[in-house]
Amino acid sequence: MKEQDSLLSKRRLLHTTVFAQCFSPCGKYLVAASNFGHIAVYSLVAALAPNADEDTRRPIYSFKACNEGAIYSLVSTESLLISAGNGDICAWKWSEILDKTAKIVWTLKVPQMQVFTNPEINSIALDKQESSTELYAGCGDNNVYVWDIETGEQTRTFSGHRDYVHCVCIKNSSRECVSAAEDGTVRIWDCRVGGEAVHILEPNKHELTARSDLGKWVGCVACDNNEDWLVCGGAPHLSSWHLRSLAPVSVFNTPGATHNFVNFYDDTVISGGSEACVNHWFVNGDVKSKVPCSASTVFDVSINSNSSTNKVLCVSGSSPKIDVCTNFGYKAFSLLFEV
């Protein structure tokens, strides 16, 4: 039996994809989630120590967080880790995770539109207001759903996409939600009301950004802190859009490669997708650096801004290895996702 368990574990490791990562509020821990529905917890303090070795770069704790399949997205509040993928959205107390006694605190259910299936949840984002915190979920039934996480009430639904939603992000100052989907559109919604999108971008219909040979789906979207610029990509070129004119301005050229992840960081844009590297760009579209990584396809790049002493950039994707960059310019070492 032990030999069979060991063999199963090795086979699972070969087929592991790490879709999502998140840092603890204290910045001392990294959690990551896999296609098998497990969450693994790592001590950054131990992994970054001068005497660190392979053992200190393995999980200090792992647990089964989804019985129905993969976990695609993780977000954090000051007290909770929230996971989403196949099945329900689940919340876990950080205090219990770090005590290695994780159990579900609450769940949120996506409305079931079809009798026998629940839509997968591909992306979640938090909108933190003074009086409440709302959670937005981009789902496989083409909708974006909104909950008040204090009450558990589902408050709004944004409908209009004609295929499943890949990514959602929040523009906090203007109270807008942005979603990117398989239908080739990026839609901007007024968070205060439901109904139609207030703006629709279609990168596949612009000469500057279209790549018809690769398709039209948009897999990632992000807005800068000043909310003047939006960057999105997928099958069309990764590109920046001026939010006032709603026009594409710059292209971040990756010939033949598609994108699953993008975000702004300081005065740069960081992206990843169907290449074994993380791209760092100047905002005008020029390449700053291309950092090789373990995963042949990148799904998430996370920067620890919760701790100045443990500030790292972590890269995950189609590999059991999570690469850690201490100066963002090269891979320092890898954490191993195992359970």
Side-chain angles (χ1 to χ4, degrees), residues 18-23 27 30 44 48 166-167 169 171 178 180 186 201 203 206 208-211 214 218-243 245 247-319 321-335:
V18 181
F19 285 112
Q21 308 169 87
C22 187
F23 294 99
L30 170 75
L44 291 174
L48 292 167
H166 281 289
C167 183
C169 71
K171 293 171 60 188
V178 186
V186 174
L201 312 180
H206 283 261
L208 180 67
T209 56
R211 294 191 293 182
L214 296 178
V218 186
C220 55
V221 65
C223 296
D224 74 322
N225 287 334
N226 294 325
E227 299 184 353
D228 294 323
W229 298 93
L230 176 149
V231 62
C232 62
H237 283 293
L238 187 71
S239 54
S240 63
W241 295 63
H242 189 241
L243 284 170
S245 64
V249 177
S250 301
V251 161
F252 306 89
N253 192 23
T254 53
T258 58
H259 279 86
N260 304 313
F261 173 88
V262 69
N263 212 343
F264 287 91
Y265 179 71
D266 288 343
D267 58 350
T268 62
V269 172
I270 298 176
S271 70
S274 61
E275 292 181 301
C277 67
V278 173
N279 301 295
H280 297 249
W281 310 89
F282 294 106
V283 292
N284 66 353
D286 292 341
V287 177
K288 183 178 182 181
S289 63
K290 295 175 76 73
V291 181
C293 63
S294 300
S296 58
T297 299
V298 173
F299 286 106
D300 189 76
V301 181
S302 294
I303 295 173
N304 185 11
S305 57
N306 297 338
S307 169
S308 58
T309 56
N310 301 302
K311 192 166 188 177
V312 293
L313 178 150
C314 295
V315 185
S316 68
S318 56
S319 169
K321 292 182 178 180
I322 301 169
D323 293 340
V324 179
C325 303
T326 51
N327 76 344
F328 298 10
Y330 66 93
K331 179 182 73 173
F333 59 87
S334 296
L335 305 169

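Heavy-atom basis, side chains included; hydrogens, waters and symmetry copies ignored. Note that the structure is a prediction, hence the values are computed from the model and not measured.
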Test item: [X] and [Y] side chains (from C-beta on) under 4.5 Å apart, heavy atoms:
X	Y	result
V324	L335	yes
C220	N260	no
S240	V269	no
K331	S294	yes
C223	C169	yes
N279	F252	no
L30	V312	no
F328	V278	no

Main chain of [Y], side chain of [X]: is a donor-acceptor contact present, judged purely on distance under 3.5 Å?
X	Y	result
S274	T258	yes
R211	A257	yes
N304	N306	yes
T268	H280	no
S289	G329	no
N263	I270	no

Evaluate the side chain to side chain contact (heavy atoms under 4.5 Å, CB included) criterion for residues L243 and D228: first the C-alpha distance (whole Å), next the side-chain angles of each, then the deciding distance (0.1 Å), finally the verdict. CA-CA 6 Å; L243 284 170; D228 294 323; 5.9 Å; no
Least distance between heavy atoms, [X] atom then [Y] atom:
X	Y	result
V301	F261	O-CZ, 2.9 Å
W229	V249	CZ3-CG2, 3.5 Å
I303	K311	CG2-CE, 4.4 Å

Given V18, which partner from the list S316, S318, S319 fulfils the side chain to side chain contact (heavy atoms under 4.5 Å, CB included) test? S316
Crowding at CG, N225 (>12 non-hydrogen neighbours, <6.0 Å): no
To the nearest 0.5 Å, what is the distance between CZ (F264) and CG (D266)? 12.0 Å
CG (L214) and NE2 (H259) are apart, to the nearest 0.5 Å, by 11.5 Å
Evaluate the criterion side chain to side chain contact (heavy atoms under 4.5 Å, CB included) for residue pair F23 and N310; output intermediate values, then yes/no. CA-CA 10 Å; F23 294 99; N310 301 302; over 6 Å; no
Check against side chain to side chain contact (heavy atoms under 4.5 Å, CB included), D323 and S334: CA-CA 4 Å; D323 293 340; S334 296; 2.6 Å; yes
Checking H237 against N253 for the side chain to side chain contact (heavy atoms under 4.5 Å, CB included) test, could you report, in this order, the C-alpha distance in whole Å, the side-chain angles of both residues, the deciding distance, and whether it holds? CA-CA 7 Å; H237 283 293; N253 192 23; 3.2 Å; yes
